[in-house]
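Start at 1 and go down the list; that is how both ligands and their atoms are numbered.
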Amino acid sequence: MSVAAWPGTIQDPELRRLRALYKLLVSLSTAHALQDVYNAAISSLIDATSADRASILIFDDNGVMQFQAAQGLSLQYQAATTGHSPWSRGERDARPLAVPDATREPSLAVYRELFASEAIRALAFIPLALEAGVFGKLVLYYAEPHEFHGDELDIAQAIANHVSLATARQQAELERVRTSQRLQAILDNSPAVIFLKDGAGRYQFVNRKHAELFGPREEVLGHSDRDVFPPDFAERFRDNDRAVIEARGPLSFEETAPHPDGVHTYVSIKFPVEEPDGTISGVCGIATDISERKRLEEQLLLLLEASGSLLATPDSAEVLNTIVRLAQRSIAADGYAVWQERREDGVWALAASAGLSEEFIQTASLSSPAPNLPAGPLMIPDVTVEPLLQRRQEALRREGVLSMLLVPLTIGGHAGGTVVFYSKTHRRFTESEVRLGATIGNLAASALATAELYDQQTKLRNEAEAAERRASFLARAGLELASSLDYQEMLARVARLAIPDFADWAAVDILDDSGALKCVAVAHSRPEKVAFATEFYRRYRLGQRGITSAALRTGRSIMGEVSDELIELRARDARSAADVRELGIRSYIIAPMLLGERGLGTVTFATAESGRVYGSADLKTAEELARRAAVAIDQARLHREVLQSEEWLSAMIDTTPDLVKVVGPDGTLLRLNPAGVSMLEAESAEQVIGANVYDVVAAEFRETYRSFNESICRGDHGSLEFDVITMKGRRRKVETHAAPMRRADGTIVHLAVTLDVTERKRVEDALRHANQDLEQFAFSASHDLQEPLRSIKIYSELLARRYGDKLEGPAVQYLEFLRTGATRMETLLGDLLKYTQATKFEAAEGTADAGEVLASTFADLAGTVEETGARITWGPLPRVAIPATLLAQVFQNLLSNALKYRRENVAPVVYVSAERGNGSWVFSVRDNGIGIEAEFREKIFGLFKRLHTSAEYSGTGLGLAICQRIVERYHGRIWVESEPALGSTFRFTLPA
Ligand code: ADP
């Protein structure tokens, strides 16, 4: 329709107004933009009122009135009046304002000149208002003063109302479009996948994320899940959509969807799209990809779990394996390894690994860490150009490793190892992988440090416990060893004591009389095992060969471990290997029991079930035990021998004919043998044992005996003769030989063998008397016979001298016989006298210088010496406790014999010497004479004993007898050593 079609010019103001309104409505209904509305409103205003000009102003965002449309106004005017408003923005109940004559309106005084130049005399302001109050105004302009009628303002207000509504509508539309654009932008920029499906499940809307992931909009919109996703996924989506429709409210699901890099997980919020009439027209969904979050969550969980299990694992080997497992689970790679610096030698080696070849593992060892080991994780995209890996190039190449992630294990500021992820492709580990690697490294380092501490602590504790076990075993074994003298039983008990604290097996072997090792004890906690071991020992004759005997032979302990390989290597055949395995021995110690150099046997300890392995401290314990056992065995043996000899002694004491007694320090008779019982004429031992010995001793000997007993009980030895009075009152002479005897309690008692010497004493007395008589007789005889002999000598001399020449024939010879007989008789009597005198008196006291005595004797013999051409020499001679005259007699006799019994045509050579003997001097007189046959060497000391006739050698046969008597009187001894035909050496001793 065209406005121009309206016929002619309408003069009727009413009609004109209607027409203008109609025109406005038509314009408004076709208006696309607000400007169209404003332009239409301006022309309507001019048409419908008598104003010649009009304008529209709207508050802008800053609250300033701005011209939106104007007709007939200069730009200058518009600029000057912009911002003027009779109302403030949002003012309610604003009414039209008419200014019939602007020159008279004081509120507009400032614009007066402006109005004049623009030829404006009257104005009207019509508010544009909606619910929110005034938002703009319409202005009517008149060139002349103007009287306003109600109609004119009413129509202007009506036009204003239409403009307001149209503005509101236009603004609403603008707002709608803007909102939907914003919404689209929001949806498209959302990282979530957002979609809308209709009731049949066809996509009505998908946002950009959806399009990126699951296909362009044109391929998706109008299609259902079945067309977009694989059936499995599509079905699950459909099921969830249905659940939402059924629930008539939002539901949340965890859904998965296929992506190019694998299946992703989403959390989808789905809600039904409800129409105003309550029907449900579709399902809207917002799905958030939580794969990454889930992965992180899983990683976090993994790390949490790993840190828990790592820190709870006390064993470092287990920790290392856990680290490798953790590495495997957290970062995908082809190989994993934990390198660690070995504490003992500082060598870097693989402590645990996965996915690496045996060869790589075997050769993975470095004398020192790589120089400049980084402080944090190091990603190595190409191993061949990494200077850090120079030393490992060859191994990495062979293993096919191309890239790596290396994480240092820093413990206490010191890099003590690395966790390494090996890849056989050139890959770049992602930032999150590197971060994860670092976390694993930290976790591993602290777990290793903890485990190491724990290991150390455990080791220390184990050591302390083991030391305690060893000490307690030794202490208890020591008690056992001292407790019994039956050493086999004792050793068996010691062997049992070793179980289980020190050993699982214990055995003791003793060297028997035939020189073979005999097993005397085997101990194990289970009896059937003991039986088996005993049989094993017998079967393999371990007593004769094997390492036990080797240990004994060498006197050195042997310690070792038993492994399967060793068994295979050593076993003679399958059966013996099986037997050894049956014993289950893990490690062993064989310690020889040594007494000085002598081996008594061995103790063997072995571990089996406990799995322990012996160390040097255990060896020491075993050796100490073996040493103590050896001493104990020896003591036991000694004790047995003592017991045996005691038995033997008892038997001897009981059968000996002499009295044997034991007396206490107070004189109590503690023990008496049967001979003693009969000697004391007691009825039984009981009658006297316990009684006091002093009572039996004759009264006059009692005090002597008491002090004798006391001195013996103080430790002295001694002999005593005394009398006892028997139970029957008979006196007996006894001679007792006593020795102290220490008893087990440390006290000393008096042990004595007492002889009944009553009879001997009687005989001795008689003999002494007879001897005395005889000696007296001999003395008197030799003395008294000298007188008549002298007469015979003198008269036979006289006879020869005075009547010799008158005698003839046999008378001369008879006289000669008489004279030589008398001379010889004289010598004999002289010697006999000397002999009797030498023994007649008690030994006289005195000392003599042997050298001087010998010198004077030598002078006496000067004649003979000269005659025979003898040479007598002597060495240094001592002073001795004997009167000089007696020593002179001894020298005299020996020297004269030495000269006398010389060899024919051999000048005598005599040498006298003395040397210190045991508490005495031993004198020697050595000659080079005829010597003495062995059979006569004792005889020659007898009275009148001679080996030659007087014709051969003169002599009486008393010289040596005299020497013997003198020497023996001074507690010495005389004897001869001789080589017949070469010479003799007479020796005698004298107290020093
Ligand atoms: P006699 O007066 O015969 O020498 P003795 O008592 O002095 O008596 O010696 C006993 C015997 O011992 C001698 O007859 C002699 O046969 C032998 N006799 C003593 N001294 C020696 C000696 N130095 N060499 C060899 N025989 C000796």
query = Does K761 have any side-chain hydrogen bond (donor to acceptor under 3.5 Å, both in side chains) partners at least two apart in sequence or in another chain, and if so, which?
reply = E721
Beyond-backbone contact of Y795 with L799, side-chain heavy atoms, under 4.5 angstrom = no
inquiry  = Suppose we measure from atom 9 (O) of ligand 1 to each protein heavy atom; which comes out shortest, and what is that distance?
reply    = L960 CD1, 3.8 Å
query = Just checking, R937 and W975: is the charged tip under 6.0 Å from the six-membered ring centre and within 45° of the axis?
reply = no
inquiry  = Could you check whether any heavy atom of N893 sits closer than 4.0 Å to an atom of ligand 1, since that is the contact criterion I want to use?
reply    = no
message = Judged on heavy-atom distance to atom 1 (P) of ligand 1, which of Y953, F936, Y901 sits nearest?
response = Y901
ask   = Under 4.0 Å from ligand 1, counting heavy atoms only, is it the side chain of F986, its backbone, both or neither?
value = side chain
note = G955 heavy atoms within 4.0 Å reach ligand 1 at atoms 1 (P), 2 (O), 3 (O)
Sub-4.0 Å atoms of ligand 1 with respect to non-hydrogen atoms of I940 = 10 (C), 12 (O)
message = Which of the numbered atoms in ligand 1 are under 4.0 angstrom from any heavy atom belonging to L947?
response = 14 (O), 16 (O)
message = Under 4.0 Å from a heavy atom of G957: which atoms of ligand 1 are those, numbered in the order shown and with their elements?
response = 1 (P), 2 (O), 3 (O), 6 (O), 8 (O)
task = Flag yes if more than 12 heavy atoms outside N918 fall under 6.0 Å of its CG atom; otherwise flag no.
result = no
request  = Please determine, by modelled atom types, if T823 and K793 share a side-chain donor-acceptor pair under 3.5 angstrom.
outcome  = no
Identity and separation of the nearest protein heavy atom to atom 16 (O) of ligand 1 = H948 CD2, 2.9 Å
message = As an exercise, identify every atom of ligand 1 less than 4.0 angstrom from a heavy atom of G959.
response = 5 (P), 6 (O), 7 (O)
request  = Tell me which part of L894 gets within contact of ligand 1: side chain, backbone, both or neither, using heavy atoms under 4.0 Å.
outcome  = neither
ask   = Without hydrogens or angle criteria, can the side chains of R819 and S796 be said to hold a donor-acceptor pair below 3.5 Å?
value = no
More than 12 heavy atoms of other groups within 6.0 Å of R742 CZ = no
query = For ligand 1, which atoms sit closer than 4.0 Å to a heavy atom of T956?
reply = 1 (P), 2 (O)
request  = Under 4.0 Å, heavy atoms only, figure out whether ligand 1 is touched by the backbone of L958, its side chain, both or neither.
outcome  = backbone
key: Contacts of type side-chain hydrogen bond (donor to acceptor under 3.5 Å, both in side chains), residue R902, not counting sequence neighbours   = none
message = Whether the Y694 and N709 side chains hold a donor-acceptor pair (N or O, under 3.5 Å, no angle test) is what I'd like checked.
response = yes
remark   = re atom 19 (C) of ligand 1, the protein heavy-atom contact at minimum distance is N897 ND2, 3.4 Å
ask   = Taking the non-hydrogen atoms of G929, is any one of them nearer than 4.0 angstrom to ligand 1?
value = no
inquiry  = Please check this pair: side chain of S978 against backbone of I932, looking for a donor-acceptor N/O pair closer than 3.5 Å.
reply    = yes
query = Between R946 and S954, is there a donor-acceptor pair closer than 3.5 Å when you use the side chain of the first and the backbone of the second?
reply = yes
note = Of all protein heavy atoms, the one nearest atom 3 (O) of ligand 1 is R946 NE, 2.2 Å
request  = Under 4.0 Å, heavy atoms only, figure out whether ligand 1 is touched by the backbone of K945, its side chain, both or neither.
outcome  = backbone
task = Using a strict cut-off of 4.0 Å, indicate which atoms of ligand 1 neighbour a heavy atom of D927.
result = 23 (N)
query = Do T989 and R973 meet the criterion of a side-chain donor-acceptor pair at a distance under 3.5 Å?
reply = no
task = Just jot down the ligand 1 atoms closer than 4.0 angstrom to any heavy atom of K900, in number order.
result = 1 (P), 2 (O), 4 (O)
